[in-house]
Structure formats: C-alpha cells, structure tokens
Number of protein chains: 2
Amino acid sequence: MARTAPEPLTPRLSRDVLIDACLRIADSEGPEAVTMRRLGSELGVDPTAVYRHFRDKTELLIAMADRLLIEAMRGFSPSGSWRADLRDLATRARRTYLAHPRLAFLVAAADAPLPSESRISEMALGALRRAGLPDNEAVLAFQAIEGYTAGTSSLDAASGPGGGEAWRRAFAALPEEEFPNLSAIAPLMYREDEAAFEFGLDLMLDAIEARLEAETD
Amino acid sequence: MARTAPEPLTPRLSRDVLIDACLRIADSEGPEAVTMRRLGSELGVDPTAVYRHFRDKTELLIAMADRLLIEAMRGFSPSGSWRADLRDLATRARRTYLAHPRLAFLVAAADAPLPSESRISEMALGALRRAGLPDNEAVLAFQAIEGYTAGTSSLDAASGPGGGEAWRRAFAALPEEEFPNLSAIAPLMYREDEAAFEFGLDLMLDAIEARLEAETD
DNA sequence: ACCTGAACACCGTTCAAGT
DNA sequence: ACCTGAACACCGTTCAAGT
C-alpha cells in the first residue's frame with residue numbers, strides 16, 4: 001500500500017526560531033526564566049535539541065543580543081548634527097539595555113564584537129570624527145560614552161522598580177550630624193533615572209563641544 | 001570521673017568569618033567559585049551552616065560588598081578641591097568594581113542602600129555642593145558620575161583580559177567601504193581602559209566646572 | 001544555640017540512541 | 001540531519017535531627 005511521505009524534512013528548529021522563543025520568554029517572564037528546559041517546553045521540543053543549533057547557552061544569548069541591537073538601530077541615519085546623532089544612538093542603546101539588564105555584560109564578555117556592535121561603533125565614531133575630534137580623542141570619547149550608556153542603563157535596569165522610594169526613606173532616616181548633605185538632599189535622590197542619564201550624557205557632550213571650540217581657536 | 005568541659009561554646013562561624021572566606025575564594029578562584037558548598041569546604045563546615053548567619057546567599061554577598069566598599073574608602077578625607085575629591089572617590093570605587101565584576105549589580109539590586117554607600121554618597125554630594133552646584137543639579141551629577149564609575153568599571157572587568165587585541169583584529173578585518181571610520185581607527189580601539197575611564201570622568205568634571213563658571217557670571 | 005545531613009527542586013551539558 | 005532521553009555534575013535552599 002501507499003506509504004506516507006518520509007518524516008518531515010523541514011527541521012522544526014532554527015537559530016531564528018530559538019532566538020524568537022528566547023525573546024518571548026525574556027519579555028514575559030524575565031531573563032532568569034530563559035533556561036534550556038523552559039526553551040524546550042516553549043517549543044515542544046527536548047531541551048537538549050538547542051545544542052544542534054548553538055554551541056552553548058552563551059552563544060544563543062549573544063545571538064539574541066545581536067538581534068536586539070540591530071533592531072534598536074533600525075532606521076537610524078546621520079542627521080547632520082553629530083551631537084543629535086550621538087544622543088540618538090545612546091538613547092536607542094539605553095532602551096535596549098533597560099529592557100534587558102544582562103545584555104551589556106554578555107556583549108562585554110563576548111570574545112568577538114557582535115556585527116551590530118561594529119555597525120554602532122562605526123556610526124558613533126563617524127559622528128565624533130565629523131564633529132572634528134582627532135582620532136585618538138574620538139576613541140576615548142567613544143569608549144567613555146559607550147561605557148556610560150551601557151553601564152548606567154544596565155544598573156538602572158537591575159535596580160528594582162520603585163527602588164528609589166526605599167532609598168530616599170533610608171537616606172532621610174540617617175543621622176543629620178553625620179550625613180548633613182545626604183539628609184538635606186534625600187528627597188531629591190533617585191527620582192528620575194532618565195533625567196540623570198541625559199544630564200550625564202549632556203555633560204560629556206558639552207565638554208566635547210568645548211574642547212572642539214578650544215582647538216579651533 | 002571528671003567530665004571534660006561541655007562542647008565548644010564559641011561558635012565556629014560568624015558573619016565576619018564567612019565574609020573573609022568569600023573574599024579569599026573570590027580573589028583566588030573568581031567570583032563564580034563562591035558557592036555555598038565551596039564555602040563549607042573552605043571552612044570545614046557543612047554548606048548549610050551558612051544559613052545560621054545569613055538569610056540567603058544574596059545577603060552574604062551584599063555584606064561582602066559593604067566590607068569591600070568600606071575598605072576602599074578607608075583614609076579618604078576631603079582635600080579642599082571638590083574635583084580632586086570626586087576623582088579620588090571614583091578611582092577608589094573603580095578599583096573595587098574592577099576587582100569584583102558583579103559587585104555593582106548586587107549593590108544596585110539591593111533593596112536598601114549599604115552603609116558604605118551612604119557614606120560614599122555623603123562624601124560625593126558634599127564635594128558637589130562645596131563646588132557650588134545647586135541641590136537639584138548636585139543630585140543629577142552625582143547619579144551620572146556614580147553610574148558612570150560603577151557601570152564602566154564593571155563592564156571593563158567583565159571583558160576578558162587581552163580582549164582588546166581580539167577586537168582590534170576583528171575591526172581591522174571589516175570591509176573598508178562599509179566601515180570607513182572603524183577601519184581607520186581600529187588600531188587605536190580599546191587600548192587603555194584606564195585612560196578612557198579618566199577621559200570620560202574628566203569630560204563630566206570639565207562640564208560641571210564650566211557650568212559653575214557660567215552661573216557665577 | 002549552633003551545626004549536620006538528607007532531600008528537594010532546580011541548573012547546563014554530554015552522549016549514545018533513535019528516526 | 002535532526003531530535004530524544006537518560007545521565008552527570010553541579011546549583012541554592014529547607015527542614016528535621018543531632019549535640
């Protein structure tokens with residue numbers, strides 16, 4: 001009798017399908033929920049099937065990071081203002097790191113730059129050189145802004161939501177004689193992560209601008 | 001017959017003894033080696049004995065972080081120059097975060113400020129207020145500098161030693177037409193984490209200084 | 001009061017086996 | 001070529017029991 005066609009030739013898994021599942025789990029249940037077993041259950045597949053497509057979990061997460069950073073930069077194009085460009089790039093990266101607290105660490109610990117990272121670096125270095133910064137300073141400024149953006153955003157993401165309130169209360173409760181500054185300023189502390197991030201970014205950009213003016217004198 | 005004295009009244013464990021053991025293990029084998037079982041073997045004690053002194057592992061690591069930050073600030077005293085003070089505080093904190101890559105995350109995720117952190121905040125806010133910054137700006141500047149220092153240092157610590165060399169090679173190998181800036185600058189990238197950190201810190205301090213001068217005009 | 005030890009509910013990963 | 005499933009070597013933590 002007629003035999004049915006041989007078993008499915010199309011693989012059920014692929015790198016993209018796995019990355020999609022990672023993102024779905026991370027977004028709905030948090031990054032700590034992304035385990036091989038959870039991934040297997042999400043896709044109705046044995047947990048160890050993942051190893052047919054990625055060497056290990058780190059390689060999978062790195063691929064996810066690359067996807068997220070590419071997505072974050074989609075549609076960016078230089079505006080004519082180096083300052084606006086750097087702000088735009090930093091803001092896009094920040095949003096990604098806020099949504100995925102562990103991403104920056106993964107990227108930093110990788111043993112090669114992600115493709116997305118090369119593209120971001122290219123764009124940011126382009127902005128700094130167009131601004132007129134000499135190459136040696138462009139590198140230092142790039143590293144400073146990159147570290148600031150990735151670092152502060154990751155730490156902001158790690159601090160629990162509504163954590164600011166608890167810290168203000170703790171600071172306000174400290175003895176005034178020993179902590180005169182903190183006592184006085186307590187009500188203002190950690191109110192707006194976003195404002196603090198932009199303040200610090202603008203400090204750096206202001207100083208770069210001042211440096212450029214000094215050099216053209 | 002004479003009975004020996006009752007069993008040892010002095011506990012074999014204490015919070016300080018456990019923190020010491022953590023530091024010994026972290027320094028010699030890296031932070032990932034600090035497990036409850038390893039802690040037990042280090043002290044010749046059952047791994048679960050730790051729970052008599054700390055609620056969970058996080059509480060233990062937070063106590064370790066507090067110890068390290070107190071140690072880092074030992075001997076600091078205001079110099080008369082707000083700028084030198086902030087630089088000194090940031091450099092001390094950076095050294096600690098470089099030596100312990102996960103510390104900043106722990107501190108950020110804690111549900112209350114560490115005692116050491118209150119003291120550091122008090123000193124840094126004092127410097128910014130002495131500089132002449134209004135309170136609302138002092139808070140933002142403090143948060144920016146704190147995040148920059150903790151963030152970049154933690155990320156620098158996470159990147160493998162000698163990682164810079166691999167990244168330079170990868171950047172140099174990119175197609176020049178698509179990555180003109182990165183190709184040109186590749187040999188200069190990620191050469192000196194320390195120089196980049198100080199460059200970024202000085203950018204922020206320069207901008208704060210400029211702001212102060214503008215306000216007194 | 002403090003520590004032990006078995007046990008539980010997890011991890012990432014390897015490897016021989018299936019289809 | 002791709003997936004399964006048992007197994008290994010780990011984790012943090014709980015709880016009843018010992019002394």
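By convention in this document, chain letters (A, B, ...) are assigned in the order of the sequence lines, proteins followed by strands, and residues within each chain are numbered from 1.
- Between A/Arg52 and B/Leu13, the residue anchored closer to the 5' end of DNA chain C is B/Leu13, taking for each the nucleotide with the nearest heavy atom.
- When each of A/Asp56 and B/Val45 is assigned the nucleotide of DNA chain C with its nearest heavy atom, B/Val45 is the one assigned upstream, toward the 5' end.
- Put simply, A/Thr48 has no side-chain N or O that comes within less than 4.0 Å of OP1 or OP2 on C/dT13.
- Applying the Watson-Crick and G-U wobble criteria (two distances, each under 3.5 Å), C/dG12 pairs with D/dC8.
- If you take CG of A/Leu61 and C1' of C/dG12, they are 12 Å apart, rounded to a whole angstrom.
- Rounded to whole Å, the distance from CG on A/Asp46 to P on D/dA7 is 14 Å.
- Following rounding to the nearest Å, A/Met36 (CE) and C/dA9 (C1') show an atom-to-atom distance of 19 Å.
- Each of B/Asp88, B/Asp156, B/Asp193 was scored for a salt bridge (Lys or Arg N to Asp or Glu O under 4.0 Å) with B/Arg94, with one residue passing: B/Asp156.
- In this structure a side-chain-to-backbone donor-acceptor pair under 3.5 Å is present from A/Asp85 to A/Ser79.
- C/dC11 atom P lies 11 Å from atom CD1 of A/Ile25, rounded to whole Å.
- Protein atom NZ of B/Lys57 is 12 Å distant from nucleotide atom C1' of D/dC10, rounded to whole Å.
- Counting only N and O atoms by type, the side chains of B/Thr48 and B/Asp46 include a donor and acceptor under 3.5 Å apart.
- The cationic group of B/Arg92 does not satisfy the cation-pi geometry with B/Phe76, failing either the under 6.0 Å distance to the six-membered ring centre or the 45° limit from the ring axis.
- C/dC3: no Watson-Crick or G-U partner with both key distances under 3.5 Å is found in any strand.
- What separates CZ of A/Phe54 from C1' of C/dT14 is a distance of 19 Å, to the nearest Å.
- Atom CD in A/Glu32 sits about 14 Å away from atom P in C/dC10, given to the nearest Å.
- Side chain to side chain, B/Ser41 and B/Arg38 meet the donor-acceptor criterion of an N or O pair below 3.5 Å.
- In this structure, the nucleotide among C/dG12, D/dC11, C/dT4 sitting nearest to the side chain of B/Arg12 is C/dT4.
- When the P atom of D/dG5 is taken as reference, atom CZ of A/Arg37 falls 14 Å away, rounded to whole Å.
- Here the nucleotide nearest the side chain of A/Pro11, chosen from D/dT13, C/dT4, D/dC3, is D/dC3.
- The partner of D/dA17 cannot be assigned: no Watson-Crick or G-U wobble pair with both contacts below 3.5 Å exists in any strand.
- Side-chain N/O atoms of A/His53 include one lying less than 4.0 angstrom from OP1 or OP2 on D/dC3.
- Comparing D/dA7, C/dT4, C/dA7 by their nearest atom to the side chain of B/Ala49 picks out C/dT4.
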